[in-house]
Amino acid sequence: MTSPEAKMAAGVVGWPVAHSLSPTLHGAWIAALKLDATYSAFALPPDDAGAMLRSLPASGLRGVNVTVPHKELALSIADIVSPTAERIGAANLLTVDASGRIVADNTDARGFLDGLVRAGGDATGTAVLLGAGGAARAVIAALADAGCREIRLVNRTADKAKALARLAEELGLKASVHEPAGASAACAGARLLVNATSLGMKGAGPLEIPDLSRLAPGAAVYDLVYVPRETQLLKAARGRGLKAIEGLDMLIGQARPSFRAFFGADPPDAVDARSLLENARPANTPAPWPAR
Ligand code: NAP
């Protein structure tokens, strides 16, 4: 919870926001480092979110993480936008600089790469990306940075996939667009398959799993969905002896640079973030927005 007495305060904004695991994670890091700091959840209704975010410099907060559906809005209200956020077209991190300006950044791409590198995944060849929403944009930026050469985009709405293909080409990747029915064929010889749709998530529809035997031997399968932690896609990947990378890895990976940006300290290794989040039951009672 926000404590007005705390020296450093930050949080996460979204609508809804009660489900967010970020307060659990940042809270554990704060406690382990014994920082005089708080990290709270703030519910920002879409109609008021723009005005509320613009009031960030007056709020006393050092910054906020931004979750669905406000990531594009966050980018649009910032005074300064990092090249990464500009490229992705969305911001998941807003901070206030010494001059009181709002700075937008995006750590989702770094978080994605963090998970990939930790699992020993290979992004240098051909990748198949399921989905064309905001998370998929961050994945494309990350893959371009990691030396990926070709990306095959599979999405229900072809126009959204085409827009992402243009982004991928601007970033120097060879890109092609495929219908969901062509997902298995798109997997042929690929070293990485990423699910960036909401399918497979608790409460959403099931993901139709492509034929994983078409992937290159030793390929990695990365599911951005993290509820449940072990999705049907990851189960199928493990069953085939492929590397299975959980969405929790990206969640933790995007939180690390945010924590540094808010509190000027590295998250402590002593906290086992994966175990913490695996067992966490988020029940954030949103704090009142502290704009003065
Ligand atoms: P988004 O912008 O709303 O995009 C959703 C994507 O899922 C779109 O490609 C959409 O296809 C597809 N989709 C949704 N329902 C579908 C259905 N019934 N049939 C076929 N396709 C469907 O969401 P997002 O922000 O990109 O997030 C996508 C997923 O990534 C979510 O599960 C989110 O929780 C997860 N995520 C995880 C992390 C992490 O740290 N692990 C970070 C960010 C996001 P259309 O284009 O056809 O609508």
Side-chain angles (χ1 to χ4, degrees), residues 12 14-17 19-22 24-26 46 65-75 84-85 88-93 106-116 118-119 121 128-142 151-165 167-168 177-183 186 193-210 221-234 244-259 273-274 277-278 280 282:
V12 55
W15 184 263
V17 76
H19 65 285
S20 174
L21 291 173
S22 295
T24 307
L25 183 55
H26 286 265
N65 285 122
V66 182
T67 187
V68 179
H70 297 321
K71 291 186 185 185
E72 287 174 22
L73 175 71
L75 186 79
T84 308
I88 294 169
N92 74 326
L93 172 62
N106 193 310
T107 64
D108 281 339
R110 261 173 281 169
F112 173 82
L113 274 188
D114 215 34
L116 188 69
R118 275 166 195 262
V128 178
L129 178 57
L130 310 178
R137 292 183 75 85
V139 170
I140 287 178
I151 190 146
R152 299 175 187 156
L153 297 158
V154 181
N155 196 50
R156 174 182 60 178
T157 308
D159 282 350
K160 282 171 72 179
K162 285 179 191 158
L164 249 69
L167 170 72
V177 169
H178 306 260
E179 290 180 356
L193 169 67
V194 181
N195 176 35
T197 73
S198 1
L199 297 176
M201 187 168 65
K202 190 177 169 194
L207 174 73
E208 194 165 323
I209 299 174
V221 176
Y222 199 150
D223 200 338
L224 267 51
V225 168
Y226 56 85
V227 183
R229 192 190 127 208
E230 179 80 342
T231 61
Q232 292 301 319
L233 175 64
L234 293 182
I245 312 176
E246 298 169 3
L248 269 187
D249 291 321
M250 176 171 170
L251 187 77
I252 297 164
Q254 62 77 31
R256 287 180 198 281
S258 301
F259 187 84
R274 291 175 104 254
L277 296 184
E278 278 161 22

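As the structure lists them, so they are numbered: ligands from 1, and atoms in each ligand from 1.
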Checklist outcome for this item: heavy-atom search around atom 42 (C) of ligand 1 in the protein gives Met250 CE, 3.7 Å

Checklist entry - Between the main-chain N or O of Val128 and the side-chain N or O of Arg152, is there a donor-acceptor pair closer than 3.5 Å? => result no

Item to check | Check: Lys71 N/O within less than 3.5 Å of ligand 1 N/O | outcome: no

Checklist entry - Between Leu199 and ligand 1, is there a nitrogen or oxygen pair with a distance under 3.5 Å? => result no

Item to check | Ser198 N/O to ligand 1 N/O under 3.5 Å | outcome: yes

Item to check | Atoms of ligand 1 close to Val225 [distance to a heavy atom under 4.0 angstrom, numbered from 1] | outcome: 32 (O)

Item to check | Beyond-backbone contact of Ile140 with Leu164, side-chain heavy atoms, under 4.5 angstrom | outcome: yes

Checklist entry - Nearest to atom 33 (C) of ligand 1, what protein heavy atom do you find, and at what distance? => result Met201 SD, 4.9 Å

Item to check | Under 3.5 Å donor-acceptor, Asn65 side chain and Asn92 backbone | outcome: yes

Checklist entry - Per the side chain to side chain contact (heavy atoms under 4.5 Å, CB included) rule, which among Leu129, Leu130, Val154 passes with Leu193? => result Leu130

Checklist entry - Relative to ligand 1, is Lys160 under 4.0 angstrom through side chain, backbone, both or neither, heavy atoms considered? => result side chain

Checklist entry - Val139 versus Tyr222: any side-chain heavy-atom pair under 4.5 Å? => result no

Checklist outcome for this item: Note: heavy atom closest to atom 17 (C) of ligand 1, options Arg156, His19, Glu72, belongs to Arg156

Checklist entry - Can you find a protein heavy atom under 4.0 Å from atom 3 (O) of ligand 1? => result no

Next on the checklist: If you take the nearest heavy atom of each of Asn155, Leu130, Thr231, which one is closest to atom 10 (C) of ligand 1?
Outcome noted: Asn155

Checklist outcome for this item: In ligand 1, the atoms that come under 4.0 Å of a heavy atom of Gly134 are 2 (O), 26 (O)

Checklist outcome for this item: Among non-hydrogen protein atoms, atom 47 (O) of ligand 1 lies closest to Thr157 OG1, 2.5 Å

Next on the checklist: Which residue and atom name correspond to the protein heavy atom nearest atom 1 (P) of ligand 1, and how close is it?
Outcome noted: Gly133 CA, 4.1 Å

Item to check | Any N or O of Ala136 closer than 3.5 Å to N or O of ligand 1 | outcome: no

Next on the checklist: A side-chain contact here means heavy atoms from C-beta on lying under 4.5 Å apart; do Glu246 and Tyr226 qualify?
Outcome noted: no

Next on the checklist: Does any part of the side chain of Arg229, heavy atoms only, come nearer than 4.5 Å to the side chain of Leu234, both counted from C-beta?
Outcome noted: no

Item to check | ligand 1 to Gly247 polar contact by distance, N or O atoms, under 3.5 Å | outcome: yes

Checklist outcome for this item: Closest to atom 37 (C) of ligand 1 among protein heavy atoms sits Leu224 O, 3.2 Å

Checklist entry - Counting heavy atoms only, which part of Ala138 comes closer than 4.0 Å to ligand 1: side chain, backbone, both or neither? => result neither

Checklist entry - Distance from Leu199 atom CG to Ile209 atom CD1, nearest 0.5 Å? => result 11.0 Å

Next on the checklist: Does the residue Ala196 have a heavy-atom contact with ligand 1, meaning some pair of atoms that are separated by less than 4.0 Å?
Outcome noted: yes

Checklist entry - Nearest heavy atom to atom 29 (C) of ligand 1: which of Asn195, Asn92, Thr197, Leu207 does it belong to? => result Thr197

Checklist entry - Judged by atom type as modelled, is there a donor-acceptor pair below 3.5 Å linking the side chain of Asn106 to the main-chain atoms of Thr84? => result no

Checklist entry - Hey, which atoms in ligand 1 end up nearer than 4.0 Å to a heavy atom of Gly131? => result 9 (O)

Checklist entry - Do you see a protein non-hydrogen atom under 4.0 Å from atom 24 (P) of ligand 1? => result yes

Item to check | Distance from atom 27 (O) of ligand 1 to nearest protein heavy atom, with residue and atom | outcome: Ala135 CB, 3.8 Å

Next on the checklist: With heavy-atom distances below 4.5 Å as the criterion, would you say the side chains of Leu207 and Thr231 are in contact?
Outcome noted: no

Checklist entry - Looking at ligand 1, does any of its N/O atoms fall within less than 3.5 Å of an N/O of Val68? => result no

Next on the checklist: Checking Asn195 against Thr197: is there a side-chain donor and acceptor pair closer than 3.5 Å?
Outcome noted: yes

Checklist entry - Hey, what do you get for OG (Ser20) to CG (Leu25), rounding to the nearest 0.5 Å? => result 9.0 Å

Checklist entry - To the nearest 0.5 Å, what is the distance between CG (Leu153) and NZ (Lys162)? => result 12.0 Å

Checklist entry - Are any of the side-chain nitrogens in Asp114 or Arg118 under 4.0 Å away from the carboxylate oxygens of its partner? => result yes

Item to check | Contact bool for atom 44 (C) of ligand 1 (protein heavy atom, d < 4.0 Å) | outcome: yes

Checklist entry - Does ligand 1 have any atom sitting under 4.0 Å from a heavy atom of Ala132? => result yes

